Visitor: 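Have a look at this one.
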Protein chains: 2
Amino acid sequence: MNKKVLIVGGVAGGASAAARLRRLDENIEIILFERGQYISFANCGLPYHIGEVIKKREKLLLQTPEAMKKRFNIDVRVHNEVISIDKENKKVSVKNTITGDIYDESYDELILSTGSSPQRPAIPGINGENIFTIWNIPDMDDIKDYLSKENIKEVSIVGGGFIGVEMAENFCELGLDVHIIQRPNQVMPTVDFEMAQFLHQYMEDKGIKLILEDGVKEFRSEGGKTIVITNKGREIVSDLVILSIGIKANSQLAKDAGLELNDRGGIIVNEYLKTSDPHIYAVGDVIQVKDFVNGVNTMVPLAGPANKQGRIVANNIAGYREEYKGTQGTSVAKIFDMTISSTGTNEKTLMKLGKSYGRDYQSIYLHPVNHAGYYPGSQVIHMKLIYELPTGRVLGAQGIGGAGTDKRIDVIATAIRFGATVESLKELELAYAPPYSSAKDPVNMAGFIATNHLSGNMDVIQYYEIEELNLNEYTILDVRTPVERNFGFIPNSINIAVDQLRDRLDELDKAKTIVVYCAVGVRSWTAYNVLKHNGFSPRNLTGGYTTYSTAYYNQEGKIDYPKN
Amino acid sequence: MNKKVLIVGGVAGGASAAARLRRLDENIEIILFERGQYISFANCGLPYHIGEVIKKREKLLLQTPEAMKKRFNIDVRVHNEVISIDKENKKVSVKNTITGDIYDESYDELILSTGSSPQRPAIPGINGENIFTIWNIPDMDDIKDYLSKENIKEVSIVGGGFIGVEMAENFCELGLDVHIIQRPNQVMPTVDFEMAQFLHQYMEDKGIKLILEDGVKEFRSEGGKTIVITNKGREIVSDLVILSIGIKANSQLAKDAGLELNDRGGIIVNEYLKTSDPHIYAVGDVIQVKDFVNGVNTMVPLAGPANKQGRIVANNIAGYREEYKGTQGTSVAKIFDMTISSTGTNEKTLMKLGKSYGRDYQSIYLHPVNHAGYYPGSQVIHMKLIYELPTGRVLGAQGIGGAGTDKRIDVIATAIRFGATVESLKELELAYAPPYSSAKDPVNMAGFIATNHLSGNMDVIQYYEIEELNLNEYTILDVRTPVERNFGFIPNSINIAVDQLRDRLDELDKAKTIVVYCAVGVRSWTAYNVLKHNGFSPRNLTGGYTTYSTAYYNQEGKIDYPKN
Ligand SMILES: Cc1cc2nc3c(=O)[nH]c(=O)nc-3n(C[C@H](O)[C@H](O)[C@H](O)COP(=O)(O)OP(=O)(O)OC[C@H]3O[C@@H](n4cnc5c(N)ncnc54)[C@H](O)[C@@H]3O)c2cc1C
Ligand SMILES: Cc1cc2nc3c(=O)[nH]c(=O)nc-3n(C[C@H](O)[C@H](O)[C@H](O)COP(=O)(O)OP(=O)(O)OC[C@H]3O[C@@H](n4cnc5c(N)ncnc54)[C@H](O)[C@@H]3O)c2cc1C
Ligand SMILES: CC(C)(COP(=O)(O)OP(=O)(O)OC[C@H]1O[C@@H](n2cnc3c(N)ncnc32)[C@H](O)[C@@H]1OP(=O)(O)O)[C@@H](O)C(=O)NCCC(=O)NCCS
Ligand SMILES: CC(C)(COP(=O)(O)OP(=O)(O)OC[C@H]1O[C@@H](n2cnc3c(N)ncnc32)[C@H](O)[C@@H]1OP(=O)(O)O)[C@@H](O)C(=O)NCCC(=O)NCCS
């Protein structure tokens, strides 16, 4: 008799596993259960149909049950929810969610790709009729329907992660007023605070109202509107509210079946993506994965890993043994003309893991342009590179900027996969012509800077260390031109432009450490060397005034603006 | 006394070495000799100023002697040509090209970054007044001057490499009629013929007239015009001619000094970029480098390597020992909205090195879109991946297509640097959101395809093997829909759409090998598996009809177009 494989969940992980499995074996019986109406839909495209960037709804439906039958001979059963697993007898119970009928189906191997669902915490009023989540096609339809029927002007988005940010863009494109309410002090938790500040600035410029470090206490329904009341007492009158606060793994089924879960409800799998039961595999948002960089267990709900895991499980079931080596969390989001991308670990995570800056790891900043500055249309990319001490192994990178930001993060993501050190980043041979890059690509540049630091040639100081400096021991030296200072400078800094430095060294006190800065760190690096070779002890402010002033964006008193 | 370093050549390699050396050592005396009027100019930007894409000429001048003095305390001497090297006495003779004065300058270490120059073969009439090369600022000025004074309509570009192609774009942007005359059968020698065909098609669509497999026999001057007469007897009346036929290393100086050169005139250096003389280093276009992928000696005239080599030599001179590990030839060019990029080796090179297809290496094609197809504006990227047999080590990749082509090649370039195999390409975790990529990035997809082949799961056939097939032994099966066939198909192929294949297997002859194809290779891969698991012996046409029909673009009788 033919092998029989059941798959629970018909989207990213599940449908990928099904298609691959069929290609590897024409004779296996494959049944795909999906509790919703649709399989293989583009979750990631949902915000863009709401924003009418993707005009046609059917574009989001990548496969239908009929097409999957014809192409792959797969028995797809939508509106069929798997409600229990009997692992001893290798069968599942399935409920037809339309008829209510319940039936059993036996299996030789079972794949769980049940995904995750948006959280709806027990906040008073959270079930109000104009409060939505956005997770699947019906969610999207509901939101579009509400938008078309009601006179919507003000939208509140609770939660400023990927989906919150993408929804904000799309609502703006529709001409709506958008608030984001976010409990942490930043949006996009994948990047560190000072990097997110570039985004805060940009989003506020675009008219999005950010309410950070404040959570929702209550939703009050009033005359067809919802008033979002925050912990700090703000009241935002909203015609529509989106909840994108976080997600939870859909692992109740696995839990009831007695499969091993972690404390966040993630199904524990081995390197072949097998659960604690020898005939049950699991993939996608619902599983625990190994953090590729830190080696610890984590959960990373992303489509790339889900698709690849689905393919790996199919390989393993068909007899082509393949390991899943962990997830590094490479991700990207677009907001208007800005790209936010990151890979590997960030400083917040390192700190949670007990690592400390300057001892276990180091971070540096740069602000290169995406292609030759003389070729029209160059755009800045703000980058942060994090690496291990003392090995120099690249741990993570973050990029926020214009076109080509995703490219640099993908290149570093690739390097991380091979265990690269910062030395190897400087050697990468990347494609250069003026419309695409510079002869020293931003990734090379990150490697140069990090290597200068790692080799002991450059002592760096971070923006947040500045305000703790004892000015009896430190001089803060601004080597930009006086004109640049007109737009703001670090309090208590003195100014000698880099090109005059060699002639004005006698104005500086050799007994003090000199913190040198410019706009981004390039001129200050030249100044640093002039100082060092003349017997001073300099430190280079990494990322320069750009990182400093952005990190302190919206924080009074941190920047001196000339009075006149 | 302070160390004294002389640098010959003040652009990519030379200026980079000078700046880095100063940052590493404030006390070295650094003199930079440049025989031309300008240092640190953007060679790579020259075509774009001619095309008025870069409006301001001064944007191309990245540094001036005065600024280099102020910023880096470097003694820059333009109009100063080094005319000989006395390596025994460690001094050079320098000629001031304005005054004609000759003087000596001693050194402790000498760096040669003399670059290369465009070739001007001894073709009759080659010194005609409207025949130009484009290599530096004066060349550019001359061309712009001629364009502004004469009534230019027809331009002939002899040589279709990078510069020829970039110039073609820029002349088109000025509204001129452009011919490219190219001796080989393709433009852009960095990619293989069948890939260049995408470019040929595109350029001809844009109105550029390509004359391939034909060389120039004579330039005849006639009434202010130049008639370009080719070996095959074509006569192209031209108002302006650009020569971009190839380059030669500027190594006469090195040769006269008795430094070791290779047979192409490239200066031989060791891994520290030191020449055969212990106090002379050389970098950039003028040196021989190791081909990173094949390990053989070669010459690669590119700005990225020149800049990085300049930095490495500075490190070595300042006492920070650093190796140069070879050049893999990653490059990119833009022509209108198309990007042509490649990294590593190509098939032509492998064949020259005596490697053979199917034994030593394999190549596969794919034609993915740059980002999720449902997100507006997706563009096709035509890709070729070449890998070693039987190891699967990635040897090279070529991409021709829309936005994001450069990203994929940079990612593969990075992977190659770490000795990646095709298996690791499929595991790369690249950033995905609909505007940037697909959940399975094109690079992952290339890894999947190659791994399917390498593991023995997929037998592939190349487009050029089709016409040699004995139809008594082979069936050519087109699994596209009948509608798609209306636009052309492979001669002698039969048609069963993939979705009907399972039901129509009895129409096929099991005794024959079945060559299966679709538009790109995806549906045929599913069909392949249906066939294989049903006892047939299939082979998948890699790249499908897209690669096939493009490879045979402009070649009569290779494609069947339905009559009605
Ligand atoms: C709006 C939005 C935007 C996103 N954008 C991105 C992005 O840009 N990039 C990115 O990498 N990721 C993005 N993601 C995340 C990505 O879509 C998920 O990580 C991925 O879909 C997870 O795949 P999965 O197979 O684990 O789960 P899913 O794709 O969610 O599929 C799980 C399916 O299982 C079904 N199911 C659950 N339980 C049962 C049951 N008991 N019986 C039958 N069926 C069941 C569910 O109905 C669901 O359809 C986005 C997600 C959303 C919602
Ligand atoms: C039009 C054009 C477009 C290009 N586009 C690209 C591109 O998109 N991407 C890319 O990677 N590369 C590109 N290149 C190639 C790139 O510019 C070169 O590879 C790079 O500049 C080589 O650096 P180099 O230092 O070896 O030589 P160069 O930068 O050419 O500098 C050599 C200098 O040495 C001087 N010199 C020579 N002999 C003497 C002497 N005896 N005394 C004093 N001075 C001397 C010369 O006058 C010259 O200024 C392009 C080149 C050109 C001309
Ligand atoms: C639609 C869906 C079923 C497609 O699955 P799929 O058939 O595995 O994927 P594709 O259509 O991209 O085809 C990929 C296959 O074609 C092969 N292929 C691609 N180009 C090829 C070429 N030129 N030559 C040969 N084979 C090729 C690949 O190797 C791969 O086959 P393999 O896995 O057997 O190696 C699944 O991806 C899905 O449901 N996606 C939507 C849900 C989702 O991912 N949501 C989250 C993101 S929005
Ligand atoms: C202009 C030119 C002299 C610049 O040389 P350069 O000073 O080495 O290059 P940059 O201005 O890019 O500065 C790079 C330096 O700044 C450092 N840097 C960059 N960003 C930094 C940051 N945020 N913090 C600290 N340091 C930083 C880099 O580490 C590097 O220093 P290093 O080499 O000592 O490590 C040289 O590149 C040149 O002549 N170019 C034009 C010619 C040419 O290349 N033509 C061909 C291509 S068109």
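Please read these numbers as outputs of a predicted model, since none were measured by experiment. Because only heavy atoms are used, hydrogens play no part in the values below, and waters and symmetry mates are left out as well, while side chains stay in. Quick note on labels: first sequence line is chain A, next is B, and so on, each numbered from 1.
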Visitor: Quick check with a 6.0 Å cut-off and a 45 degree axis cone: is Arg311(B) positioned over the face of Phe448(A)'s six-membered ring?
Guide: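 Relative to the ring axis of Phe448(A), which defines the angle, Arg311(B) lies inside both limits.
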
Visitor: Based on non-hydrogen pairs under 4.5 Å, which of Tyr436(A), Tyr432(A), Tyr324(A), Tyr375(A) is most in contact with chain B?
Guide: Tyr436(A)

Visitor: Report which part of Tyr320(B) has an atom under 4.5 Å of a heavy atom belonging to chain A: side chain, backbone, both, or neither.
Guide: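 Contact with chain A is through the side chain of Tyr320(B) alone.
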
Visitor: For Arg71(B), which atoms come within 4.5 Å of any heavy atom of chain A: side chain, backbone, both, or neither?
Guide: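 Arg71(B) touches chain A through backbone and side-chain heavy atoms alike.
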
Visitor: Among side-chain atoms of Thr414(B) and Thr414(A), is any donor-acceptor pair under 3.5 angstrom?
Guide: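 Checked: Thr414(B)/Thr414(A) side chains show no N/O donor-acceptor pair below 3.5 Å.
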
Visitor: Looking only at heavy atoms and a cut-off of under 4.5 Å, which of Glu322(B), Lys70(B), Lys59(B) has the most pairs with chain A?
Guide: Lys70(B)

Visitor: Out of Thr339(B), Asn27(B), Leu430(B), return the one with the most heavy atom pairs under 4.5 angstrom to chain A.
Guide: Leu430(B)

Visitor: Less than 4.0 angstrom from a charged side-chain N to a carboxylate O is my criterion; do Glu26(A) and Arg502(B) meet it?
Guide: yes

Visitor: Given the options Cys44(B), Pro376(B), Ala433(B), which has more heavy-atom pairs under 4.5 Å with chain A than any of the others?
Guide: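 Between Cys44(B), Pro376(B), Ala433(B), the count favours Cys44(B).
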
Visitor: Is Arg417(A) close to Phe292(A) at the side-chain level, that is, under 4.5 Å between some pair of heavy atoms?
Guide: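 Result yes, sub-4.5 Å side-chain heavy-atom pair found.
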
Visitor: In terms of side-chain geometry, is the basic nitrogen of Lys325(A) or Glu427(B) positioned less than 4.0 Å from the acidic oxygen of its partner?
Guide: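 Salt bridge flag = yes for Glu427(B) with Lys325(A).
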
Visitor: Chain B: which of Gly304(A), Ala527(A), Ala67(A) shares the most heavy-atom pairs with it under 4.5 Å?
Guide: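 If we count pairs closer than 4.5 Å to chain B, Gly304(A) comes out on top.
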
Visitor: Just so I understand: if I count every heavy-atom pair under 4.5 Å between each of Ser342(B), Ser455(B), Gly329(B), Ala497(B) and chain A, which residue has the most?
Guide: Gly329(B)

Visitor: If only side-chain N and O atoms count, and only distance matters, is there a donor-acceptor pair under 3.5 Å linking Asp406(A) with Ser341(A)?
Guide: no

Visitor: What residue in Asp499(A), Leu501(A), Asn529(A) has the most heavy-atom pairs under 4.5 Å with chain B?
Guide: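 Top count of heavy-atom pairs under 4.5 Å with chain B: Asp499(A).
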
Visitor: Report which part of Ala333(B) has an atom under 4.5 Å of a heavy atom belonging to chain A: side chain, backbone, both, or neither.
Guide: backbone

Visitor: Is Lys334(B) salt-bridged to Glu166(B), going by a charged N under 4.0 Å from an acidic O?
Guide: no

Visitor: Does any heavy atom of chain A fall under 4.5 Å from the side chain of Ser437(B), the backbone, both, or neither of them?
Guide: neither

Visitor: Report the option among Leu425(A), Asn452(A), Ile412(A), Thr343(A) that has the most heavy-atom pairs separated by less than 4.5 Å from atoms of chain B.
Guide: Asn452(A)

Visitor: Who among Val498(B), Ile409(B), Leu60(B), Asn457(B) has the most heavy-atom pairs with chain A under 4.5 Å?
Guide: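 Most heavy-atom pairs within the cutoff with chain A belong to Asn457(B).
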
Visitor: Which answer fits Ala306(B), side chain, backbone, both or neither, if we ask what part of it has an atom under 4.5 Å from a heavy atom of chain A?
Guide: neither

Visitor: With a cut-off of 6.0 Å (strictly less than), are more than 12 heavy atoms of other residues, nucleotides or ligands near NZ of Lys290(A)?
Guide: no

Visitor: Mind checking whether Leu62(A) and Phe41(A) have side chains closer than 4.5 Å, heavy atoms only?
Guide: no

Visitor: At a heavy-atom distance under 4.5 Å, which candidate from Leu302(B), Ile416(B), Asp25(B) has the highest pair count against chain A?
Guide: Asp25(B)

Visitor: Asn540(B) and Ser524(B): side-chain donor and acceptor closer than 3.5 Å?
Guide: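 Looking only at side-chain atoms, Ser524(B) and Asn540(B) do form a donor-acceptor pair, the distance falling under 3.5 Å.
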
Visitor: Out of His533(A), Lys407(A), Glu429(A), return the one with the most heavy atom pairs under 4.5 angstrom to chain B.
Guide: Glu429(A)

Visitor: For Ala420(A), is it the side chain, the backbone, both, or neither that has a heavy atom closer than 4.5 Å to a heavy atom of chain B?
Guide: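 When you check distances to chain B, atoms from both the backbone and side chain of Ala420(A) fall under 4.5 Å.
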
Visitor: Between Val530(A) and Arg23(B), is any pair of side-chain heavy atoms under 4.5 Å apart?
Guide: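 The answer is no, as the side chains (C-beta and beyond) never meet within the 4.5 Å cut-off.
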
Visitor: Under 4.5 Å from any heavy atom of chain A, what part of Ser331(B) do you find: side chain, backbone, both or neither?
Guide: backbone

